[in-house]
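Report on the following structure.
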Amino acid sequence: MRLATIKLNGKEQAGIVTAKGVFPIAMLNAAKGTAWKEEMMELIQSQEIPGLTAWYNKGGKEELETLPGLVPQDKVVYGPLYRNPKRIFGIGLNYRDHAGDIGMAPPKGFPGSFFKQADTLIGPDDEIHIPKMKEAQKTTAEAELGIILGKDCRDVAEEDWESVIVGYTTILDMTEESILKGNDYVDGNPRYLTIVKNFPTFFSFGPELVTPDEVPDVLKLEIQSVHNGEIHAKNTVDHMIHQPPKLISLHSKIQGWFAGDVLSTGTPRAFHILDGDQAECRIYGPDGFSMRPLVNPVVDLKLHPEKE
C-alpha cells in the first residue's frame with residue numbers, strides 16, 4: 001500500500017494512493033463507518049498502518065474503486081508526509097563514491113551521522129531556499145532513501161529491523177557545502193555539520209510512504225540524484241557501507257527510536273544547485289517497482305530576498 005498527505009479543504013490529510021488519485025482516510029471513514037486516524041503522524045504513532053495495509057491487501061484496494069471521495073490525480077496537491085517528527089536522523093558518506101566527492105575517506109566502524117531539525121522540513125514542489133548569508137556559496141542537494149520508523153523501540157536485532165519500520169519514502173537532503181569544506185576537520189568529521197545541514201527548507205520528503213510489503217527487495221532499490229531532469233548519479237542500497245538492517249539496529253542501541261522518526265540513509269552523490277534549478281529524487285527497484293519522484297524547485301534568497 002502507498003499513502004500520501006494531500007492538501008484538501010485547508011487541511012493536510014492522509015490518504016491512500018490509487019491508480020487514479022488519492023483517497024482520503026476521512027472519506028474512507030465516512031463511507032464505511034470506520035475510525036482510522038486521518039493524519040499521517042497519528043496513523044503512524046497509533047500503529048494503525050499495518051492494519052490498514054492488511055485491509056487494503058485483502059480486498060480493500062478493489063473496494064476503494066467503488067466508494068465516493070477520490071481526489072483525482074490532476075487535483076492532488078501533495079504535502080510533506082507529516083510536519084513534526086521527533087527526530088530526523090541522517091547518515092553521511094554512506095556510499096564510498098560520495099565520500100570521495102568531498103575529499104574524505106568513508107567512515108570506519110560507526111557510520112557518520114547527524115540530526116536535522118523538524119523546521120528544515122518541506123514537501124513536494126515546495127521551494128528549496130539557498131541561504132542569503134554571503135558565506136553560503138555552494139548549496140548541494142542529495143537524493144536518498146528514507147525509512148520511516150513505525151514504533152517506539154530500543155535494542156532491535158538486525159534480523160528484526162523490518163518489524164519496527166512502517167515504510168519507505170524519497171528524500172532530498174541539502175548541505176551548505178562551502179561552509180562545510182571551508183572549515184577545519186576533526187578526526188575526519190566536519191565540526192560544522194550541524195550548521196550546514198539545518199538551514200530552513202534543507203529537508204524534503206514524500207510524496208509517498210510505501211509500506212514494506214510493496215518493496216520487492218530493499219537492497220536492490222536504485223536511488224537516483226536527478227538535477228534539472230538529468231541523472232547526476234545513481235547507486236543501489238546493497239552498495240551502502242552501512243545498510244538498513246545495521247543502521248536501524250545500531251541506532252536503536254544508542255538513542256532508540258520513536259514512531260515517526262525519519263532515517264535518511266545517504267546519497268549516491270550530491271549535486272550543486274542554483275537559482276531556478278530543479279532537484280529530484282527518483283527510486284526504482286526490481287520487477288518494475290518505482291516510487292513517485294520527489295521534485296523541488298530551487299530559489300536563491302540572495303537573488304530573491306522577498307521569498308524568505
Side-chain angles (χ1 to χ4, degrees), residues 79-95 98-104 107 111-144 146 170-206 225-230 232-233 262-281 294-308:
L81 290 177
Y82 42 94
R83 291 283 178 182
N84 290 296
K86 286 190 176 181
R87 294 177 302 198
I88 301 169
F89 201 76
I91 306 299
L93 309 180
N94 203 19
Y95 294 89
H98 182 221
D101 288 343
I102 61 173
M104 295 181 64
S113 52
F114 54 90
F115 284 111
K116 299 196 75 148
Q117 303 299 318
D119 59 5
T120 64
L121 193 152
I122 59 174
D125 300 316
D126 291 337
E127 294 174 348
I128 297 167
H129 288 168
I130 296 174
K132 68 178 182 180
M133 64 187 303
K134 62 181 175 58
E135 293 88 353
Q137 294 297 316
K138 185 181 180 183
T139 300
T140 58
E142 305 165 8
E144 309 196 12
T170 43
I171 283 174
L172 284 166
D173 177 34
M174 273 55 72
T175 306
E176 185 29 64
E177 196 171 297
S178 53
I179 297 174
L180 177 68
K181 295 180 73 173
N183 288 286
D184 295 334
Y185 291 84
V186 176
D187 297 330
N189 289 314
R191 69 170 80 200
Y192 297 104
L193 192 56
T194 298
I195 294 173
V196 303
K197 286 289 189 180
N198 279 286
F199 286 94
T201 76
F202 267 30
F203 186 85
S204 180
F205 82 144
S225 290
V226 181
H227 186 201
N228 294 331
E230 298 291 331
H232 177 76
V262 184
L263 173 64
S264 194
T265 57
T267 186
R269 188 168 296 157
F271 53 92
H272 185 190
I273 51 176
L274 299 169
D275 185 70
D277 281 358
Q278 181 172 276
E280 185 175 351
C281 174
L294 171 63
V295 183
N296 292 96
V298 180
V299 172
D300 191 336
L301 295 181
K302 299 180 190 65
L303 302 176
H304 304 278
E306 75 280 359
K307 292 279 192 173
E308 188 176 15

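The analysis underlying the following values was restricted to heavy atoms, covering all of them including side chains, and did not include hydrogens, waters or symmetry mates.
Using a 4.5 Å heavy-atom threshold, the side chains of T194 and F114 count as separate. At least one side-chain heavy atom of V298 sits less than 4.5 Å from a side-chain heavy atom of I130.
Panel note: side chain S178, backbone E135; a donor-acceptor pair is recorded below 3.5 Å. T170 places no side-chain N or O within 3.5 Å of a backbone atom of C281 that could act as its donor or acceptor partner. Looking at D275, its side chain does come within 3.5 Å of a backbone N or O of D300 through a donor-acceptor pair. When atom types are taken as modelled, the side chain of E142 and the backbone of F271 share no donor-acceptor pair closer than 3.5 angstrom. The closest donor-acceptor contact from the side chain of K116 to the backbone of K197 lies under 3.5 Å.
Of all heavy-atom pairs spanning N94 and G266, the tightest one is CB-CA, 4.3 Å. Between I128 and I273, the shortest heavy-atom distance links the atoms CG2-CD1, 3.9 Å. Scanning all heavy atoms of the two residues, the minimum distance from T267 to A143 falls at OG1-O, 2.9 Å. Closest approach of I91 and P111 over heavy atoms only: CG2-CB, 4.1 Å. Closest approach of P131 and T139 over heavy atoms only: CD-OG1, 3.6 Å.
Not counting sequence neighbours, the partners of P85 by the side-chain contact (heavy atoms from CB on, under 4.5 Å) test are M41, Y82, I88, A118, L121, V262. Residues passing the salt bridge (Lys or Arg N to Asp or Glu O under 4.0 Å) test with E230, sequence neighbours excluded: none. Not counting sequence neighbours, H129 has no partner by the ring pair (Phe, Tyr, Trp, His ring centres under 6.0 Å) test. Scanning for side chain to side chain donor-acceptor pair (under 3.5 Å) contacts around S204 gives N296, with sequence neighbours left out. Looking at residues two or more places apart in sequence or on another chain, you find no salt bridge (Lys or Arg N to Asp or Glu O under 4.0 Å) involving K86. For D277, the side chain to side chain donor-acceptor pair (under 3.5 Å) partners two or more places apart in sequence, or in a different chain, are H227, N228.
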- Task: Assess whether side chain to side chain contact (heavy atoms under 4.5 Å, CB included) is satisfied between E127 and I122, documenting all intermediate values.
- Result: CA-CA 8 Å; E127 294 174 348; I122 59 174; over 6 Å; no

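Residue K302 qualifies as enclosed at atom NZ: its count of foreign heavy atoms under 6.0 Å is above 12.
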